[in-house]
J.: 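The structure's right below; bear with me while I get my questions together.
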Amino acid sequence: MKGTGETTDIVEKEMYTFIDKGGRSVTLRPEGTPSVVRACLENGLFGQLPVLKLSYIGQMFRYDRPQAGRYREFWQIGVEAFGSADPSMDAEVIQLAYQLVTEVGLKGISLELNSIGCKRCRPRYVEDLREFGKRHVDELCGKCVERIERNPMRLLDCKEERCRIVMKEAPVILDYLCDECAEHFAKVREYLDLLDVPYAVNPRVVRGLDYYTRTVFEITAEGLGAQNAVVGGGRYDDLVELMGGKPTPALGFAAGLDRIVASLEAQGFEFPIDEGIDCFIAVLGREAKPVALKLATSLRREGFSVEMEHLGRSLRAQMKTADKLKARFTAMIGEDELKSGRITLRDMKSGEQRSVEEGEIPYILRRGGFSDGADAPS
RNA sequence: GUGAGUGUAGCUCAGCAGGUCAGAGCGCCUGACUGUGGAUCAGGUGGUCGCGGGUUCAAGUCCCGCCACUCACCCCA
């Protein structure tokens, strides 16, 4: 938790912690970045390439109260880029995040951008913010009064109406950036314009994690009410060093997979529907069972999705099941077939039915219908 | 962490002021249609009414506790 920050909500109230069978206190990771940094440190990945870019996908856990678009176990797609402090890398990473959410089909997207300075210029700002908070103590909510001492930056994203009104007059971080940070931020914006990535500068975006420096951003999508953040990220130039590595500038983002899906659903996105199976094998009588089982297996080995009857029900019932499974074809094996050595295959869409050699079936399935036999082996 | 709501058949839910209230629709099974689906009709299967206490002659139905889930706040993915 060293990386995430002591006064963040994640650490203060969302840690998924429990005692395991060995009596150890275990905490499930609430986010990915520190783990990635640790893994890179432990395995010596830094230094293998001048710029190291990584991506991952995995579950994260936060002990929140679940609700629409927020789960205690959720999936994140993470992207991290190490090794360059150049604004071009910021632009590259932000553009990737933007492309991800747009390509997936999300609507009502907005990208909010800010810079929260570095360890040289931020302290001055935090101090002024603290002073500002002290002057308005009696106008702020209880939470914010605590924040004045513990973490003044958090005053900025309080959702309480009265706090928001007060904070409108608060000093803005962008006015405090040192020359280097200001220059960096200007370049990031310039590059984003170059790449046609639309964004809005929002000095209120400070992010919930302590390790960020300079660039921070958040992407929201409409549909889930207050749970509208689908991507969050930023630069963290001091984290690697903080965790025991050589000073390494870096930035990254995390995209909430479940939340993106939930947002898409809320937006009425049509997900590709279940296409059904290739073939259902109807079985009539005990003698037919082994033949059906072999056929099912050989078709599966060819890559087809196949189901067969295991309950010994009437053909009628089996056909109903085939229909329900949206089987493209139904193969029937009963007394007649066992006698003739052929198999009755029914095209469930057209209703056409033919007696075929077992060897022909894969060709017919692949073709999606009966042909006139021109290219089937005879 | 704060507040609100819900938990009755596989699923979606109805059960009005405590006494045939254990139901409906869908699904599933069987048959009408002896080896043939998507429609219709008939019959049937199916529930410790979240768990544990309490009140009462009698409790899904009232009270208390617990658990789970949902929603909102906070915050975030």
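Residue numbers start from 1 in every chain, and the chains themselves are labelled A, B, ... in the order their sequence lines are given, proteins ahead of strands. On a predicted model such as this, the values are computed, not experimentally measured, just so you know.
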J.: Donor-acceptor pair, distance only, cut-off 3.5 Å: does the side chain of A:Gln95 make one with the backbone of A:Leu192?
T.: no
J.: Return whichever of A:Gln353 or A:Ser314 has its heavy-atom-nearest nucleotide of RNA chain B closer to the 5' end.
T.: A:Ser314
J.: Check every atom of B:rC76, B:rA72, B:rU36 against the side chain of A:Gln67 and return the nucleotide holding the closest atom.
T.: B:rA72
J.: Do the side chain of A:Arg130 and the main chain of A:Ile148 share a donor and acceptor less than 3.5 angstrom apart?
T.: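 Yes; judged by distance alone, with no hydrogens or angles, the pair exists.
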J.: Only Watson-Crick and G-U wobble pairs with both distances less than 3.5 Å should count. Give RNA chain B in dot-bracket notation, marking inter-strand partners with |.
T.: (((((((..((((.....[...)))).(((((.......))))).....(((((..]....))))))))))))....
J.: Mind checking if A:Glu337 touches a base, just sugar-phosphate, or nothing, with heavy atoms under 4.0 Å?
T.: base
J.: What is the distance from CD1 of A:Ile219 to P of B:rC76, rounded to the nearest Å?
T.: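 Rounding to the nearest Å, CD1 of A:Ile219 and P of B:rC76 are 16 Å apart.
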J.: Based on the glycosidic angle (syn within 90° of 0, else anti), state the conformation of B:rG60.
T.: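 Syn for B:rG60; the angle stays within 90° of 0.
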J.: Could you check how far CD of A:Gln76 sits from P of B:rA77, rounded to whole Å?
T.: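 My rounded result for the distance is 7 Å.
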J.: Strictly by modelled atom types, are A:Tyr98 and A:Glu103 linked by a side-chain donor-acceptor pair under 3.5 Å?
T.: no
J.: Can you tell me which nucleotide in B:rC76, B:rU30, B:rG3 comes closest to the side chain of A:Ala317?
T.: B:rU30
J.: Rounding to an integer number of angstrom, what distance separates B:rG1 and B:rA24 when you compare their C1' atoms?
T.: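 Approximately 42 Å lies between the C1' atom of B:rG1 and that of B:rA24.
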J.: Tell me if the side-chain of A:Arg259 makes a donor-acceptor pair with the base of B:rC76, cut-off 3.5 Å, by modelled atom types.
T.: yes
J.: Assign A:Gln318 to base, sugar-phosphate, or nothing according to its heavy-atom contacts below 4.0 angstrom with the strands shown.
T.: nothing
J.: Checking all strands, does A:Arg313 fall into the base, sugar-phosphate, or nothing category for heavy-atom contacts under 4.0 angstrom?
T.: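 Sugar-phosphate: the residue A:Arg313, judged by heavy atoms under 4.0 Å, touches backbone atoms but no base.
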J.: Taking the side chain as every heavy atom from C-beta outward, state whether A:Ile260 and A:Val104 have any atom pair closer than 4.5 Å.
T.: yes
J.: Can you tell me, in whole Å, how much space there is between the P of B:rA17 and that of B:rC63?
T.: 13 Å
J.: A:Gln227 near the nucleic acid: base, sugar-phosphate alone, or nothing, with a heavy-atom cut-off under 4.0 Å?
T.: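 Counting heavy atoms under 4.0 Å across all strands, the contact made by A:Gln227 includes a base.
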J.: Output the single nucleotide from B:rG3, B:rA77, B:rG35 whose closest atom is nearest the side chain of A:Arg65.
T.: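 So the nucleotide nearest the side chain must be B:rG3.
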J.: Do A:Val205 and A:Phe185 share a hydrophobic cluster, counting only Ile, Leu, Val, Met, Phe, Trp and Tyr and linking them when any side-chain heavy atoms are less than 4.5 Å apart?
T.: yes
J.: If you round to the nearest 0.5 Å, how far is SG of A:Cys40 from CD of A:Gln48?
T.: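 Result: 9.5 Å between the selected atoms.
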J.: In Å, rounded to the nearest 0.5 Å, how long is the span from OG of A:Ser314 to CD of A:Glu309?
T.: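 Here the interatomic distance stands at 8.5 Å.
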J.: In terms of side-chain geometry, is the basic nitrogen of A:Glu190 or A:Lys187 positioned less than 4.0 Å from the acidic oxygen of its partner?
T.: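 A salt bridge links A:Glu190 with A:Lys187.
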J.: Do A:Glu241 and A:Leu239 have side-chain heavy atoms sitting under 4.5 Å apart?
T.: no
J.: Would you mind reading off the distance between A:Ile260 atom CD1 and B:rA77 atom P, rounded to a whole angstrom?
T.: 12 Å
J.: Using atom CG of A:Asp64 as one end and atom P of B:rA72 as the other, report the distance to the nearest whole Å.
T.: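 Answer to the nearest Å: 13 Å.
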J.: Could you check whether A:Met332 gets within reach of a base, just the sugar-phosphate, or nothing at all, counting any heavy atom under 4.0 Å?
T.: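 It contacts base atoms.
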J.: With a 4.5 Å limit on heavy-atom distance, are the side chains of A:Arg259 and A:Leu224 in contact?
T.: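 Yes - at least one pair of side-chain heavy atoms lies under 4.5 Å apart.
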J.: Which parts of nucleotides 37-46 of chain B does protein reach within less than 4.0 Å, heavy atoms only, written one letter per nucleotide 5' to 3' as B for base, S for sugar-phosphate only and - for none?
T.: BB-B------
J.: Can you tell me how far C1' in B:rC28 sits from the matching atom in B:rU45, rounded to whole Å?
T.: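 To the nearest whole Å, 8 Å.
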J.: Checking all strands, does A:Asp258 fall into the base, sugar-phosphate, or nothing category for heavy-atom contacts under 4.0 angstrom?
T.: nothing
J.: Do the side-chain N and O atoms of A:His184 and A:Asp86 include a donor-acceptor pair separated by under 3.5 angstrom?
T.: no
J.: Round to the nearest Å and state the distance from A:Asn228 atom CG to B:rC75 atom C1'.
T.: 12 Å
J.: Take atom P in B:rA4 and the same atom in B:rG65, then report the distance between them in whole Å.
T.: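 Comparing P positions in B:rA4 and B:rG65 gives a spacing of 13 Å.
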J.: Base, sugar-phosphate, or nothing for A:Ala68, non-hydrogen atoms under 4.0 angstrom?
T.: sugar-phosphate
J.: Give me the distance, rounded to whole Å, that separates B:rG27 from B:rC13 when you measure between the C1' atoms they each carry.
T.: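 It comes out at 14 Å once rounded to the nearest Å.
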J.: What is the distance, to the nearest angstrom, from the CG atom on A:Leu28 to the P atom on B:rA77?
T.: 17 Å
J.: Please confirm whether any donor atom in the side chain of A:Arg70 sits under 3.5 Å from an acceptor in the base of B:rC71, or the reverse.
T.: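 A donor-acceptor contact between them is absent.
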J.: Is there a side-chain contact between A:Val79 and A:Leu54, using heavy atoms and a 4.5 Å cut-off?
T.: no
J.: Would you please determine if the base of B:rA77 is stacked by A:Trp75, with stacking meaning a centroid separation under 5.5 angstrom and planes under 30 degrees?
T.: no
J.: When the C1' atoms of B:rU6 and B:rU61 are compared, how many Å lie between them, rounded to an integer?
T.: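 About 16 Å, rounded to a whole number of Å.
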J.: Take atom P in B:rG60 and the same atom in B:rG50, then report the distance between them in whole Å.
T.: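 Here B:rG60 and B:rG50 have their P atoms 10 Å from each other.
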J.: When the C1' atoms of B:rA72 and B:rU20 are compared, how many Å lie between them, rounded to an integer?
T.: 42 Å
J.: Send over the distance from A:Glu309 CD to B:rG35 P, rounded to a whole Å.
T.: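 Going from CD in A:Glu309 over to P in B:rG35 covers 13 Å.
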J.: Please report the distance, rounded to the nearest Å, between CE in A:Met153 and C1' in B:rC76.
T.: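 In whole Å, B:rC76 C1' and A:Met153 CE are 16 Å from each other.
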